[in-house]
Amino acid sequence: MLDIRHIRDLPDQVRSALRRRGESDAAEAVDRILDLDGSRRAAITEADELKARRNEVSRTIGELKRKGEGAEDLILEMRSVGERIAALDGRIREVEEEVERILLETPNIPLPEVQEGGEADAVEVHASGTPTTHPFPALPHWELGQSLGILDLERGARISGSGFPVLRGAGARLQRILVEWMMEIHREEHGYEELLVPHLVTRETLTGTGQLPKFANDSYRTEADDLWLIPTAEVPLTNLHGGELLSAEDLPIGYVTCTPCFRREAGAAGKDTRGLLRVHQFDKVELVRLERPERSREALEELVRHAGTILDRLGLAWRVARLAAGDLGIASAMTYDLEVWAPGVDRWLEVSSCSTCTDYQARRADLRFRPAPGEKPLYLHTLNGSALALPRLVVAILETFQEEDGTVRIPRVLRDRMGTDRISGPSLSRSAAG
RNA sequence: GGAGGGGUGGCAGAACGGCUAUUGCACCGGUCUUGAAAACCGGCGUCCGAAAGGACUUGUGGGUUCGAAUCCCACCCCCUCCGCCA
């Protein structure tokens, strides 16, 4: 949520920033907000004056009663003043709700260094490793997965519908081991605290990070309790300290967790639907940071490094793109996407999205800290980044390390944990499955 | 799900429906001091206002009243016990 005072003080700056995001409607909303804000303040002034009068007279009535004197005329007058106050308060609340509605759908302001444009205008800012080209016809992961017996799309679809893959055998193990390995790196080397968090959250929580109210159709919701399945662990992690007042020594806070992510992706039907590229449920290791405002820009670079470390150690080719203003999520002020090369599908896959949301989510979720003893509380800055999203990471591993005979080498850093250096043949255990 | 207890400022903890939240600790500023501590004075939530000042604030939302932390209703959360349960 944007700061109403910022809009009030620098409306032109806000308008042009929103236009850079391609939000022409939002820019017009600025005028509407200013208009409402003006009438809100006028009504508050009027109501406050009446309340001051009521407080004063009520005090007088109390004194008169103590002295045993009558105060019928004053009580009568205050009765009508009370009615006028109630009417004004009602109007104030309506206006405030309207402003709130608009603000909740107004996106964050991009940082100055974010370039204009849309999806096609992302700028590559870093690259690592050489994209693999196999000397043989590279198979896409769904073919590898099927022939190796580690991916079962049909049965997943049977129990839940399309977009709910089943991993089995070595595929399931590979993913679990990847999670453990990534979590350890973030915990031990990057200093994040490991958390386990709820996968169902309230409407308010989802509003705190920005998914609601605008994108209700993208999430799954439980009917009976109005609890929502998280689309990313960013939601519970970022909201964790909502309503608290942290002290300066508490910051920075860095959290890492792994959760399933549930996405209806209603609008994306037909795009990237093969295999594991776009699914309704997938696991993701997520990093979230709460930072002092002056540290947040630097923290974003750290987040990218922390995610990139994983890709480097796996020996995958990857690159970083800075998204253009028009491609940012509602809460983000700046986003880097990390993409990994997948030779089987012959393209780059987004495996991480690292964003700084400046104080946008902090204002929605009420995340504050006291910069120094005696100073006023300030909204902190929130950042989040995947490190990394699993199904696509598994895709990149399968497709990058496939051999001509259809087997897949296990990345060196995972071999001890996997207990093997290769996935080969159907991994249905003959002894146990019989 | 049932019974009981409880939600007040950063924390602790008071307040017969009426002088509109006592106090302590912590913190900030000042006086004093070579410096600090102690002591003393002031401050220490949000909003409107250029300011003076005013309004709001006792989990949330309603109600009663001239006036509600206090009375009534609904809801939320925490604690204890019981039931159910991975």
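Proteins come first, then strands; the chains are lettered A, B, ... in the order of their sequence lines, and each starts at number 1.
In this structure, A/Ala372 and A/Arg79 both approach RNA chain B, and ranking their closest nucleotides by distance from the 5' end singles out A/Ala372.
The nearest whole Å value for the distance from the CG atom in A/Leu245 to the P atom in B/C27 is 16 Å. Across the protein-nucleic acid pair, A/Leu246 atom CG and B/G10 atom P stand 12 Å apart, rounded to whole Å. Atom P of nucleotide B/C66 and atom CD1 of A/Ile75 are separated by 7 Å, given to the nearest angstrom.
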Quick one: side chains of residues 367-381 of chain A, donor-acceptor pairs under 3.5 Å with protein atoms, not counting sequence neighbours, listed by atom name and distance.
from, atom 1, to, atom 2, distance (Å)
A/Arg368, NE, A/Asp366, OD1, 3.4
A/Arg370, NH1, A/Glu375, O, 2.9
A/His381, ND1, A/Ser296, OG, 2.8

Using distance only, find each side-chain donor-acceptor pair of residues 249-256 of chain A under 3.5 Å and give its atom names and separation, not counting sequence neighbours.
from, atom 1, to, atom 2, distance (Å)
A/Asp250, OD2, A/Ser247, N, 2.8
A/Asp250, OD2, A/Ser247, OG, 3.2
A/Tyr255, OH, A/His241, NE2, 2.6

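Between A/Arg264 and A/Asp218 there is no salt bridge, since none of the side-chain N atoms of the basic residue sits less than 4.0 Å from a carboxylate O of the acidic one. One finds no salt bridge joining A/Arg5 and A/Asp9 here, because no Lys/Arg side-chain nitrogen approaches an Asp/Glu carboxylate oxygen to under 4.0 Å. A salt bridge does not link A/Arg93 to A/Glu96: none of the charged side-chain nitrogens sits closer than 4.0 Å to a carboxylate oxygen. Under a 4.0 Å N-O distance rule, the pair A/Arg32/A/Asp25 does not qualify as a salt bridge. Taking the charged nitrogens against the carboxylate oxygens, A/Glu223 and A/Arg221 do have a contact shorter than 4.0 Å, which makes a salt bridge. With salt bridges taken as basic N to acidic carboxylate O contacts below 4.0 Å, none links A/Arg15 and A/Glu28.
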Exercise. If the sugar-phosphate is the primed atoms plus P, OP1 and OP2 and the base is the rest, what is the B/S/- string for nucleotides 41-57 of chain B, using protein heavy atoms under 4.0 Å?
Worked result: -----SSSS----BSS-
For this session: Heavy atoms under 4.0 Å is the rule here; annotate nucleotides 71-77 of chain B 5' to 3' with B where the base is hit, S where only the sugar-phosphate is, and - elsewhere.
Result: -------
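Separation of the C1' atoms belonging to B/C11 and B/U58 is 16 Å when rounded to the nearest angstrom. The same atom, C1', is picked in B/A3 and in B/C84; the two are 16 Å apart, to the nearest Å. The same atom, C1', is picked in B/G9 and in B/A69; the two are 14 Å apart, to the nearest Å. B/A38 and B/C32 have their C1' atoms separated by 11 Å, given to the nearest Å. Between B/C73 and B/U64, the distance separating the two P atoms is 15 Å to the nearest Å. Taking atom C1' on both nucleotides, B/A21 is separated from B/G30 by 27 Å, rounded to a whole Å. The same atom, C1', is picked in B/U23 and in B/C76; the two are 30 Å apart, to the nearest Å. Look at the P atom in both B/A37 and B/C27: the space between them is 10 Å, to the nearest Å.
Across all strands shown, B/C44 forms no Watson-Crick or G-U wobble pair with both distances under 3.5 Å. When both pairing distances are held under 3.5 Å, B/A3 makes a Watson-Crick or G-U pair with B/U80. B/G9 is unpaired under the Watson-Crick or G-U wobble criterion, no partner having all donor-acceptor distances under 3.5 Å. B/A39 is paired with B/U31 under the criterion used here, namely a Watson-Crick or G-U wobble arrangement in which both key atom distances are under 3.5 Å.
Using a 4.0 Å heavy-atom distance criterion, A/Leu74 is classed as making no nucleic acid contact.
For A/Thr205 (side chain) and A/Val201 (main-chain N/O), no donor-acceptor pair under 3.5 Å exists by modelled atom type. Side-chain atoms of A/Asp35 never come within 3.5 Å of backbone atoms of A/Asp31 as a donor-acceptor pair (strictly under, hydrogens ignored). In this structure a side-chain-to-backbone donor-acceptor pair under 3.5 Å is present from A/His280 to A/Arg263. Of the possible polar contacts, none joining the A/His141 side chain to the A/Ala342 backbone as a donor-acceptor pair under 3.5 Å is found.
The six-membered or imidazole ring of A/Tyr192 lies near that of A/His306, with a centre-to-centre distance under 6.0 Å.
Between the CD1 atom in A/Ile423 and the CZ atom in A/Arg173 there is a gap of 9.0 Å [rounded to 0.5 Å].
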Short N/O separations, protein against nucleotides 84-86 of chain B, under 3.5 angstrom:
none

Pull out every protein N or O sitting under 3.5 Å from an N or O of nucleotides 60-63 of chain B, one pair per line with the distance.
from, atom 1, to, atom 2, distance (Å)
B/G62, OP1, A/Arg93, NH1, 2.3

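Closest of all the heavy-atom pairs between A/Asp283 and A/Gln175 is OD2-NE2, 3.0 Å.
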